[in-house]
Every structure is written in C-alpha cells, then in structure tokens.
Participant: 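Here you go, one structure.
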Number of protein chains: 2
Amino acid sequence: MDRRIEKSRQAIMDAFTKLMLEKDFEKITINEIAELANVNRGTVYSHYVDIFDLLNQCIESHLNKLFENCQPRGSDSSISGKDSLCKTFNYLEQNAFFYSKMLMSKSITAFRNRLHVLMVKSVEEQLDMNGINTDVNRQIMVQYFASATIGVIEWWITNSMPYSSEYMAEQLLSLMERYQNVTEPLARR
Amino acid sequence: MDRRIEKSRQAIMDAFTKLMLEKDFEKITINEIAELANVNRGTVYSHYVDIFDLLNQCIESHLNKLFENCQPRGSDSSISGKDSLCKTFNYLEQNAFFYSKMLMSKSITAFRNRLHVLMVKSVEEQLDMNGINTDVNRQIMVQYFASATIGVIEWWITNSMPYSSEYMAEQLLSLMERYQNVTEPLARR
DNA sequence: TCACATATGTTGATTAATAAACAAAATAGA
DNA sequence: TCTATTTTGTTTATTAATCAACATATGTGA
C-alpha cells in the first residue's frame, strides 16, 4: 500500500488520541485534529466520513493492538498464557490514560460495546468445553467469562491500577484455571 | 510552503542524523536513509543531489538551530546575554552526541569549517570596537574571539562535558566581559 | 435577536510523493 | 579474479495530499 496513506492515518489517529486525553470528545473539532496531525483538513475527510467514524476507527485500532498483545507466543499454553496475560496488563498499564478516558466517558458507549463484542468473540474461540459439565450452556458460559474478564480490567483501570500488572495477571489466571480449559480468554485465533 | 516538503525533509534529516550517530558517514547509504525515513528513495533525490549535499544541508540545519538558540530575548544585553549563553550550552549538551560525532569525525571537515564561518560572521556583527585601543586590528580581533569561543565549545564537547552548561556559560561570559563590549559572541542579527 | 466567528463538508486544480523499472557503478564474497 | 549483490541515480505513470475557495451549518457573545 502507498505509504502516504499509512502515514496520514497514523498522524490523524495519534492527534485524535492525544486530544482525547486532553478534553472531552464533544469539544474536539476536525480543525484541531488536522492542525495537530499536520495534515490538510481535506485529508481527514478523505479517510473518515466524520468525527464519529474517526472515533470508531480509532477505537477499533486501539482494541486491535490490545488483542494483538494477548496472542500466546510459545507452544506451552499455560506458561505462554501467563506471559501473554502479563503483557496484556502491561500494555493496558502503559495506555491506561487512554483506556480510562474511554471507559469513563459517558458520551462514548461505542468503546465498551466494541470491547465486549471482541471479548465474547475471543472467549468463544478459546473456550474448550471438554470435561465441563454438559448441563452448563456454552453461550452463557462465554458471556460469563467475557463479562468477568472485562469487569476485572475495567475495575483495575478506573481505580488507577492499585496492583501491579504481574499480580493482576496471576490473579486472573488463577481464577480462570479453576475452569481448567480456559487458559487464554483474551487471546484470539 | 507545501507541508509535504517540510515533512519529507524533516524525516530524511532525522533519519540521516540518527544514522550518523550509529555509524561512520562513509558507511551510510541513500537506501538506508530512505528506509529509515520511511520515504521513497526518489524523494531523497528530489531534495538532495547526493549524500554530500544531504550532509551539508544537515550541518547547515543543525548550525542554524544552534545559532537560533543564542539570540538574546530580553532587552538588557548583559542579563539576556548570560541567559542565552546558558541556553546555547544547554542545547549543545542535549545534542552533544551529534556535535561530538561531527567534531571528532576525520572525514567530515565541512562541519568545523562551516561552524567557523558562522562564528566569525556572528562575532563580526556583534563586536563593538568602541573604547578598544584602535591599534588593534578589528579583523584579527574577530578571528581571535571566534576561534576562542569555538575552542572552548569544542573542548567541552569532545571531553564529555566535564562541567555543567551553567558553569560554562558563566566562565565564557566572564572571559568575554574582559573586553567589555563583546557580550553576544554567539548571537546573530 | 442579530451579527460575527468558527466549524463543517465539498469541490477542483496543482503538486509532491509513490512504486516500479531501468542501466550503470560500486562493493562484497568466493 | 570472476560473480553475485547492492547501491546509485534517473525516468515514467499514477495517486494521495495540498491549498484555496466555496456554501452551509453551528455556535457565541453583545
């Protein structure tokens, strides 16, 4: 792909993210974004229909990065599971400002919704029902794990990360391991 | 001016400067520069005839920044003189890696030469001969101050900045003040 | 309420940057 | 030394980004 496209998109996304940290979404203008990104205003419109489209694509991009961080690298699922979980929390920690803004904003529901959808999808792909009492509905179990994980993350972020990412990874892993076969709730195929 | 031009130039300059810190000038290729700058190789050639032209423009750009840092801001020349001198040494300190590379490189004489030319020009503009014994040749005095200043800077940089920039500014200022009317040897009109 | 400023979204002409391909020169490496 | 690879410099068609100029909409303060 033409490298100009990637460069412009990146500059616009970065500018938008930066502004999101400084002020409320409602106060952000396309003009500001273009100015900070150092691109022509028309360039913004050539990539995004409006500021809501930009917001959604920005959310998508950040969540993609988040879920990319959860991919287990090694072959041994239990060890790599802990490692990648730890990486995930570290990533969250480094971008905590952004994520807490997104989670705390009243006007932005798109973020939580999208996060939930992705989490459900991820758990669905990872959840192994072998050895689990068959009278437990799988769909419900998926929702259960997804919500549980998001809940922990959300609590951790919005409460200014009271524990280290390592500790959080351990805790979450230990909770998950009680259902033996769910080792990578955040990972995606 | 079209902002694309500025962006490309900046990216290329930054990449080149970065590479200068890592390896010898002779080992740097246009390919590398383009790759690191994330621009098409043709873009490099559209701005610079060859790598020597790039080197010279890079030197020019860095020295411009250096001399911009010496412009006295306030009206009171003696106080602002010390302030701007201090700023200058601070700037040098922050970019010490680059400047020491430039000063120590055997293959690059262009840098020292250009620095000397600019310094002479600067002193020429600043040197006030009032009250100075008229049997001192002004041209010679200019050369004298320019060389003295460069010598101090060069020694400070190549010896890993053994004193703080504040201390250096004080010392240099005190040396200059012995000739009362030379308060801004680094400044340019 | 009215006027004034600022933001939005669109258009069209122009230009810088791009990718790809090329021959020639320089530089390993064997 | 000969060969393979990399680098250099240039060219061409294509495209994304730019600027400037719009009309319209949305505030904001007097």
Side-chain angles (χ1 to χ4, degrees), chain A residues 1-61 64 101 105-111, chain B residues 1-61 64 101 105-111:
Chain A
M1 204 214 311
D2 194 313
R3 73 217 307 167
R4 279 176 293 183
I5 298 173
E6 180 59 26
K7 279 189 220 174
S8 294
R9 288 224 176 103
Q10 196 59 55
I12 293 165
M13 289 270 190
D14 287 351
F16 180 66
T17 302
K18 215 168 193 171
L19 287 169
M20 283 287 293
L21 306 186
E22 298 175 354
K23 50 165 76 179
D24 287 339
F25 171 69
E26 297 77 23
K27 299 277 180 186
I28 299 174
T29 70
I30 301 273
N31 280 329
E32 270 182 310
I33 296 164
E35 197 182 349
L36 185 60
N38 195 25
V39 295
N40 192 278
R41 199 158 49 85
T43 307
V44 179
Y45 286 108
S46 73
H47 289 285
Y48 311 97
V49 277
D50 53 24
I51 203 168
F52 302 102
D53 183 35
L54 173 53
L55 170 65
N56 285 323
Q57 292 201 36
C58 188
I59 288 172
E60 204 61 26
S61 166
N64 276 338
K101 269 266 169 178
S105 168
K106 283 162 195 162
S107 59
I108 303 174
T109 57
F111 182 78
Chain B
M1 203 213 314
D2 196 313
R3 73 217 306 166
R4 280 174 293 184
I5 297 173
E6 181 58 29
K7 280 190 219 173
S8 294
R9 289 225 178 106
Q10 196 59 55
I12 292 165
M13 288 271 190
D14 287 351
F16 180 66
T17 302
K18 213 169 193 170
L19 287 169
M20 282 288 291
L21 306 185
E22 298 175 355
K23 51 166 75 178
D24 287 339
F25 171 70
E26 297 77 25
K27 299 277 179 187
I28 298 174
T29 69
I30 301 274
N31 280 328
E32 269 181 310
I33 295 165
E35 197 181 350
L36 185 60
N38 195 26
V39 295
N40 191 278
R41 197 158 51 84
T43 306
V44 179
Y45 285 108
S46 73
H47 290 284
Y48 312 96
V49 271
D50 54 24
I51 203 167
F52 302 102
D53 182 35
L54 174 53
L55 169 66
N56 285 322
Q57 291 201 35
C58 189
I59 288 172
E60 203 61 24
S61 165
N64 276 339
K101 268 267 171 178
S105 168
K106 283 163 194 159
S107 59
I108 303 173
T109 57
F111 182 78

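Each chain gets a letter, A, B and so on, in the order its sequence line appears, and its residues count up from 1. No experiment lies behind these values; they were computed from the predicted model shown.
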Participant: Under the ring-ring contact (aromatic ring centres under 6.0 Å, His included) test, which residues partner B:Phe52, sequence neighbours left out?
Facilitator: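 Counting only residues at least two positions away or on another chain, B:Phe52 forms a ring-ring contact (aromatic ring centres under 6.0 Å, His included) with B:Phe25.
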
Participant: side-chain hydrogen bond (donor to acceptor under 3.5 Å, both in side chains) with A:Ser105: which residues, sequence neighbours excluded?
Facilitator: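 Per chain and number, A:Ser105 pairs via side-chain hydrogen bond (donor to acceptor under 3.5 Å, both in side chains) with A:Ser107.
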
Participant: Sequence neighbours excluded, which residues qualify as side chain to side chain contact (heavy atoms under 4.5 Å, CB included) partners of B:Arg3?
Facilitator: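 Side chain to side chain contact (heavy atoms under 4.5 Å, CB included) check on B:Arg3 returns A:Asn38, A:Asn40, B:Lys7.
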
Participant: From CD of B:Glu6 over to C1' of D:dC19, roughly how many Å is that when rounded to an integer?
Facilitator: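 After rounding, the gap between these two atoms is 17 Å.
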
Participant: What N/O pairs connect the protein and nucleotides 6-9 of chain C at under 3.5 Å? Give each pair on its own line.
Facilitator:
from  : atom 1 : to      : atom 2 : distance (Å)
C:dT8 : OP1    : A:Ile30 : N      : 3.3
C:dT8 : OP2    : A:Ile30 : N      : 3.0
C:dT8 : OP2    : A:Asn31 : N      : 3.3
C:dG9 : OP2    : A:Tyr45 : OH     : 3.4
C:dG9 : N7     : A:Arg41 : NH1    : 2.8
C:dG9 : O6     : A:Arg41 : NH2    : 3.1

Participant: Suppose we screen for ring-ring contact (aromatic ring centres under 6.0 Å, His included). Which residues come up paired with B:Phe111, at least two apart in sequence or across chains?
Facilitator: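 Only B:Tyr99 meet the ring-ring contact (aromatic ring centres under 6.0 Å, His included) criterion with B:Phe111.
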
Participant: Specify the separation, in whole Å, of atom NZ of B:Lys7 and atom P of C:dA17.
Facilitator: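 Between P of C:dA17 and NZ of B:Lys7: 10 Å.
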
Participant: Using 0.5 Å steps for rounding, measure from the CD1 atom of B:Ile30 to the OH atom of B:Tyr48.
Facilitator: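 Rounded to the nearest 0.5 Å, the CD1-OH separation comes to 10.5 Å.
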
Participant: Toward the 5' end of DNA chain C, which comes first, A:Met1 or A:Gly42, by nearest nucleotide?
Facilitator: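 Counting from the 5' end, the first nearest nucleotide belongs to A:Gly42.
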
Participant: Which residues pass the side chain to side chain contact (heavy atoms under 4.5 Å, CB included) test with A:Ile5, sequence neighbours left out?
Facilitator: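 With neighbours one apart ignored, the set is A:Met1, A:Asp2, A:Arg9, A:His47.
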
Participant: For nucleotides 12-16 of chain D, print each protein N/O atom paired with a nucleotide N/O atom at under 3.5 Å, atom names and distance only.
Facilitator:
from   : atom 1 : to     : atom 2 : distance (Å)
D:dT15 : O2     : A:Arg4 : NH1    : 3.2
D:dT15 : O2     : A:Arg4 : NH2    : 3.0
D:dA16 : O4'    : A:Arg4 : NH2    : 3.4
D:dA16 : N3     : A:Arg4 : NH1    : 3.4

Participant: Quiz question: going by heavy-atom distance under 3.5 Å, is there a donor-acceptor pair between the base of C:dA19 and the side chain of B:Asn40?
Facilitator: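 Such a pair exists between side chain and base.
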
Participant: With a 4.5 Å limit on heavy-atom distance, are the side chains of A:Ile59 and A:Leu55 in contact?
Facilitator: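 In contact.
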
Participant: Using the test salt bridge (charged side-chain N to carboxylate O under 4.0 Å, His left out), find all partners of B:Glu32 that sit at least two apart in sequence or belong to another chain.
Facilitator: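 Listed in chain order: B:Lys23.
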
Participant: Report each atom pair, protein N/O against N/O of nucleotides 26-28 of chain C, whose distance is under 3.5 angstrom.
Facilitator:
none

Participant: To the nearest Å, give me how far apart CZ (B:Arg3) and C1' (C:dT15) are.
Facilitator: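 Result: 14 Å.
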
Participant: Who are the side-chain hydrogen bond (donor to acceptor under 3.5 Å, both in side chains) partners of B:Asp50, not counting sequence neighbours?
Facilitator: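 None.
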
Participant: Side-chain atoms of residues 10-18 of chain A: list all donor-acceptor pairs with protein atoms under 3.5 Å, sequence neighbours left out, distances to 0.1 Å.
Facilitator:
from    : atom 1 : to      : atom 2 : distance (Å)
A:Gln10 : NE2    : A:Asp14 : OD1    : 3.1
A:Thr17 : OG1    : A:Met13 : O      : 2.9

Participant: Send over the distance from B:Arg9 CZ to C:dA17 C1', rounded to a whole Å.
Facilitator: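 B:Arg9 atom CZ is separated from C:dA17 atom C1' by 13 Å.
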
Participant: Are more than 12 heavy atoms from other residues, nucleotides or ligands located less than 6.0 Å from atom CD of B:Glu35?
Facilitator: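 Open.
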
Participant: Whole angstrom is fine here: how far is it from CD1 in B:Ile33 over to P in D:dG9?
Facilitator: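 It works out to 11 Å between those atoms.
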
Participant: What is the distance, to the nearest angstrom, from the CD1 atom on A:Ile12 to the C1' atom on D:dA17?
Facilitator: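 Taking CD1 of A:Ile12 and C1' of D:dA17, I get 10 Å after rounding.
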
Participant: What pair of heavy atoms forms the shortest contact from B:Asp53 to B:Val49, and how long is it?
Facilitator: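 So the minimum-distance heavy-atom pair works out to OD2-N, 3.1 Å.
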
Participant: Quantify the bending of the helix from C:dT1-D:dA30 to C:dA30-D:dT1 as the angle between its end axes, each fitted on five pairs, to 10°.
Facilitator: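 For the helix from C:dT1-D:dA30 to C:dA30-D:dT1, the axes at opposite ends meet at about 60°.
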
Participant: So how far is it from B:Ile33 CD1 to B:Met20 CE, rounded to the nearest 0.5 Å?
Facilitator: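 CE of B:Met20 is found 10.0 Å from CD1 of B:Ile33.
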
